[in-house]
Amino acid sequence: MKHLQQACRAGQLPDIALHFAGLLHRLDPNADESVLLAGALAGEQVISGEVCIDLSHLADSTVFDSDDTPGMSAPDLDTWQQALKSSPLVSDGTVTAPLVITPDGRLYLYRYFELERRLAELIMQRTQICDGSIDSTQLEAALETLFADDATSADQRSAATLAVHNRFTVISGGPGTGKTATVVRILALLSRLELVAPERMLLCAPTGKAAARLREALANTLPAVTAGDTLPTDAVTAHRLLGWRPGKKPRYHAGRPLHCDLLVLDEASMVDLALMVSILEALPEHARLILLGDRDQLSSVEAGAVLGDICCAADSGTLADSLAPLTHNWRFGINSPIAGLAGAVREARTADAIAILDDPDATQVMLQSAHEDDALDALLAERVIPVYVEVAQLVREGADAKTVFEKLSELMVLCAHRHGPRGVTDINERISSQLGAAAVLLAGQYAYPGQPLMVTRNDPALGLFNGDIGIVMPDNNAPGRLQAVFLDAGGDEHGISLGRLPERQIGYAMTVHKSQGSQARQVVLVLPTQLSPVLSRELIYTGITRAEQSLEIWGDREVLASAISRSAQRATGLSARLQGRSASGP
C-alpha cells in the first residue's frame with residue numbers, strides 16, 4: 001500500500017482508487033501487492049470511463065512513475081494472472097467478489113462485469129424476437145408513401161424496414177444525415193401498419209438538454225413529414241422516464257416495466273453502461289427499441305462505450321441486421337469543407353485533415369495558431385467578443401428573448417478541458433475580462449443584462465437541466481431586478497430569478513462533451529497548447545460536427561495532428577460478448 005499512497009500524494013492515483021485498494025487490503029491483509037495494484041488500476045480506469053483493464057497492456061511495465069515518486073513495477077502477465085486467480089478477492093464472475101478476471105485477461109470491478117454481462121444478455125434476447133406477421137404488400141405501400149423513391153432516401157427507407165421487422169434497431173449517422181426525420185417516418189409507419197399505437201410510443205434522451213432538442217426537432221419535422229398523423233411530440237430524460245429516485249430503486253424496472261410498445265432513445269452515444277442496463281430492464285419484452293446516435297462521437301461521461309460497442313459487433317456480422325447506418329448528408333453539400341474535414345478526422349486521415357484546413361479555398365474551415373496568450377486574446381477580441389457585445393446591446397435595447405437567443409446561437413466556443421489553460425474556466429475568464437474592458441461587464445458585477453449562463457445541475461421542479469443555456473435579462477415584473485430567461489422546446493420563454501437558479505456557470509464557452517447534440521452556425525474549437533489524455537479524434541470530430549456554416553480551430557497543428565492520430569476507444573468487453581467471443585463468466 002505504501003507505493004500506492006505515494007502515487008496518490010503525487011497526484012498520479014485518484015483518492016477513490018486508493019480507498020478501493022485499501023478496502024481490498026482490509027478484506028485480505030495477506031493480499032499480494034500485485035492484486036492491490038490491479039484493484040487500484042481498475043478503480044482508476046472506471047473513473048476515466050473504462051469498464052475494465054487489459055492486463056496485457058500493463059504487465060511487465062512501470063506504473064505511477066514520476067520525478068517525485070518511485071514507480072511501481074507490474075509483474076509479467078502470467079505471474080500477475082496467477083496471483084489474481086489465486087486471490088480470494090478475485091473470481092471468474094460465477095461468484096461475487098470485489099474483482100473479476102476473465103480468461104482473455106480483462107480485469108473488472110464486479111459491478112461493471114455484471115452490468116456488461118447483463119446488457120449483452122438483454123440485447124441478444126431482444127434481437128432474437130422478430131415480428132413475422134408483417135403484411136409485405138401493406139409495408140411496401142406505406143414505405144412508398146413515406147419515403148421518396150430516390151437514392152438519397154435509400155438508407156432511411158432501409159432503417160424503417162429494419163425497425164418494422166426488429167425489436168432492436170440502431171440508427172447511426174452524423175449530424176445532417178436525417179436521424180430525426182427518419183424516426184418520425186418510422187413512428188408514422190408503425191402507426192399506419194397498426195403495429196404500435198401512438199399512445200404506446202415513448203421518446204427519451206440521456207439529458208434534459210438533449211430531450212428538449214428532440215422535442216424541438218419533432219415539432220419542426222412532424223408537420224412537414226407526416227401531415228395528418230397523430231404522433232407523440234413529447235420527449236423526456238431517460239432518468240425521468242424510469243422514475244429515477246436518489247438512493248431508491250427506479251419506479252420502472254424489470255418487475256414493473258414501462259407502459260409502451262416502442263421506445264426511441266436519442267443521443268445514444270451519451271448513454272453509459274449502467275443507464276442502458278436500467279433502460280433495457282424496464283422495457284417490456286415485446287416492445288421495440290430504437291437507438292439513435294452517432295457512433296463516431298465521444299462516448300458517455302460515465303463508464304462504457306455502449307453505442308460504439310454495439311456498432312462494432314454489428315460490423316462483425318453479429319448484429320448486422322439491427323444496424324442501419326445513414327450516410328447521405330442533407331445538411332452539407334458533397335464538397336463541403338466541414339463534411340470533408342469531419343470525414344478525414346473520423347477516418348484518422350491526418351494529412352488530409354490538415355490539407356483541408358490549409359486550403360485557402362476552403363473558407364468554411366480554418367486553423368489558427370494561438371500558442372501565445374496574446375494571440376489567443378487577440379482572436380477572442382476579434383472573433384468572439386463582438387458577438388457577446390451585440391447580445392448585450394440587444395437586451396439593453398429591449399429585444400425579445402427569441403431575438404437574443406437567435407444572436408447567441410450564431411457562435412459556439414468549445415474547449416477540450418473544463419479546467420486549466422485553454423479550458424472552459426480560462427476562456428470564460430478571458431472573455432469576462434475583455435467584456436469588462438469594453439464596459440459591458442462592470443467591476444464587481446456578477447451578472448449583467450445579456451450574459452449567457454449554463455445550468456450545471458438538474459432542477460426538475462424549475463424545468464431546468466444540466467447544460468441548459470439561459471440569458472440574463474431584466475425582470476419586467478420587478479423593475480431593477482434581473483432574471484435568467486430560458487426558451488422551451490416550443491420557443492416559449494420563461495424567466496427565473498437569479499436567486500432561484502440551481503448551480504450554474506458563465507456560458508460563453510463549454511466543453512465539447514457538453515455540446516453533444518447541439519449545433520451553431522459558427523464554432524470555435526480551442527485546443528490546449530500541449531497534448532493531453534483528453535484529446536482524441538473522437539473529441540475533434542464531435543467539435544467539428546457542431547458547426548453548421550463555419551469552423552475555426554485555434555491551436556497548434558502538431559497538437560491537432562497528434563489528437564487525430566489517437567482514439568478514445570475504451571477498454572470494454574461488450575462487443576466481444578455480443579460477438580460470442582467472450583468466455584468470461586456466465
Original post:
Would one find more than 12 heavy atoms of other residues, nucleotides or ligands at under 6.0 Å from atom CG of Leu27?
Top reply: yes
Subject >> Within-4.5 Å side-chain heavy-atom neighbours: Leu283 and Cys260 >> reply: yes
Identify each donor-acceptor pair in which a side-chain atom of residues 310-319 lies under 3.5 Å from a protein atom, sequence neighbours left out, and give them as a table.
| from | atom 1 | to | atom 2 | distance (Å) |
| --- | --- | --- | --- | --- |
| Asp315 | OD1 | Arg295 | NH1 | 3.3 |
| Asp315 | OD2 | Arg295 | NH1 | 3.3 |
| Asp315 | OD2 | Arg295 | NH2 | 2.6 |
| Ser316 | OG | Ala313 | O | 2.5 |
| Ser316 | OG | Thr318 | OG1 | 3.4 |
| Ser316 | OG | Gln579 | OE1 | 3.3 |

Subject >> Arg288 charged N/C atom sitting above Phe168 aromatic ring, 6.0 Å / 45° >> reply: no
Subject >> Check against side chain to side chain donor-acceptor pair (under 3.5 Å), Ser269 and Asp294 >> reply: CA-CA 6 Å; Ser269 64; Asp294 184 349; over 6 Å; no
Original post:
Which residues pass the side-chain contact (heavy atoms from CB on, under 4.5 Å) test with Leu193, sequence neighbours left out?
Top reply: Gln138, Leu139, Ala142, Val164, Leu189, Leu195
**OP:** Output, in order, the C-alpha distance, side-chain angles, deciding distance and verdict of side chain to side chain contact (heavy atoms under 4.5 Å, CB included) for Glu116 and Arg577.
**Re:** CA-CA 9 Å; Glu116 191 176 87; Arg577 282 184 177 277; 3.6 Å; yes
Original post:
So Val51 and Phe113, side chain to side chain contact (heavy atoms under 4.5 Å, CB included) or not? Walk me through it.
Top reply: CA-CA 8 Å; Val51 175; Phe113 172 85; over 6 Å; no
Subject >> Donor-acceptor pair between His417 and Thr511 side chains, under 3.5 angstrom >> reply: no
**OP:** Could I get the full list of side-chain contact (heavy atoms from CB on, under 4.5 Å) partners for Ser518, not counting sequence neighbours?
**Re:** Lys209, Arg213, Met412
Subject >> Pairs satisfying ring-ring contact (aromatic ring centres under 6.0 Å, His included), at least one member in residues 257-297, at least two apart >> reply: Tyr252-His259
Original post:
Passes side chain to side chain contact (heavy atoms under 4.5 Å, CB included), Leu58 versus Ile53? Steps please.
Top reply: CA-CA 9 Å; Leu58 298 168; Ile53 59 173; 4.2 Å; yes
Original post:
In terms of side-chain heavy atoms, does Asp309 have a donor or acceptor partner in Thr572 at a distance below 3.5 Å?
Top reply: yes
Original post:
side-chain contact (heavy atoms from CB on, under 4.5 Å) with Cys52: which residues, sequence neighbours excluded?
Top reply: Arg106, Tyr108, Ala571
Original post:
So do Leu275 and Leu242 actually touch side chain to side chain, heavy atoms under 4.5 Å?
Top reply: yes
Original post:
Taking C-beta and beyond as the side chain, do Leu37 and Val35 meet within less than 4.5 Å on heavy atoms?
Top reply: no
Subject >> Leu202 side chain reached by Asp234 side chain, heavy atoms, under 4.5 Å >> reply: no
Subject >> Heavy-atom side-chain proximity of Val345 to Ile544 below 4.5 angstrom >> reply: yes
Original post:
Excluding sequence neighbours, so at least two apart, what forms side-chain contact (heavy atoms from CB on, under 4.5 Å) with Pro88?
Top reply: Asp28
Subject >> ring-ring contact (aromatic ring centres under 6.0 Å, His included) partners of His239, counting only residues at least two apart >> reply: Trp244
**OP:** Kindly write out the residues that satisfy salt bridge (charged side-chain N to carboxylate O under 4.0 Å, His left out) with Glu140, not counting sequence neighbours, or none if the list is empty.
**Re:** Arg157
**OP:** Check whether any side-chain heavy atom of Ile186 sits under 4.5 Å from a side-chain heavy atom of Leu146, and report yes or no.
**Re:** no
Original post:
Is the side chain of Lys179 donor-acceptor paired with the backbone N or O of Gly173 at a distance under 3.5 Å, no angle test?
Top reply: yes
Original post:
Sequence neighbours excluded, which residues qualify as salt bridge (charged side-chain N to carboxylate O under 4.0 Å, His left out) partners of Glu347?
Top reply: Arg349
**OP:** Please report the C-alpha distance between Gln516 and Thr542 in whole Å, then the side-chain angles of each, then the deciding distance to 0.1 Å, and finally whether the side chain to side chain donor-acceptor pair (under 3.5 Å) criterion is met.
**Re:** CA-CA 7 Å; Gln516 285 181 270; Thr542 303; 5.0 Å; no
Subject >> OH on Tyr541 to CZ on Arg546, rounded to 0.5 Å >> reply: 8.0 Å
**OP:** Take Val512 and Ser515 through the test side chain to side chain contact (heavy atoms under 4.5 Å, CB included) and record every step on the way to the result.
**Re:** CA-CA 5 Å; Val512 175; Ser515 74; 4.2 Å; yes
Original post:
Which side-chain hydrogen bond (donor to acceptor under 3.5 Å, both in side chains) pairs, counting each pair once, include a residue from residues 34-47, with sequence neighbours left out?
Top reply: Asp32-Ser34
Subject >> Side chains of Pro232 and Leu203 in contact at under 4.5 Å (non-hydrogen atoms) >> reply: yes
**OP:** Only counting residues at least two apart or in another chain, list the ones meeting side chain to side chain donor-acceptor pair (under 3.5 Å) with Arg118.
**Re:** Glu121, Glu281
Original post:
Does the Ser48 side chain pair with the main chain of Glu50, one donor and one acceptor, at a distance under 3.5 Å?
Top reply: no
Subject >> Ile123 and Arg126, any side-chain heavy atoms less than 4.5 Å apart >> reply: no
**OP:** Scan residues 253-273 for pairs that pass salt bridge (Lys or Arg N to Asp or Glu O under 4.0 Å), counting only residues two or more places apart or in two chains.
**Re:** Arg200-Asp261
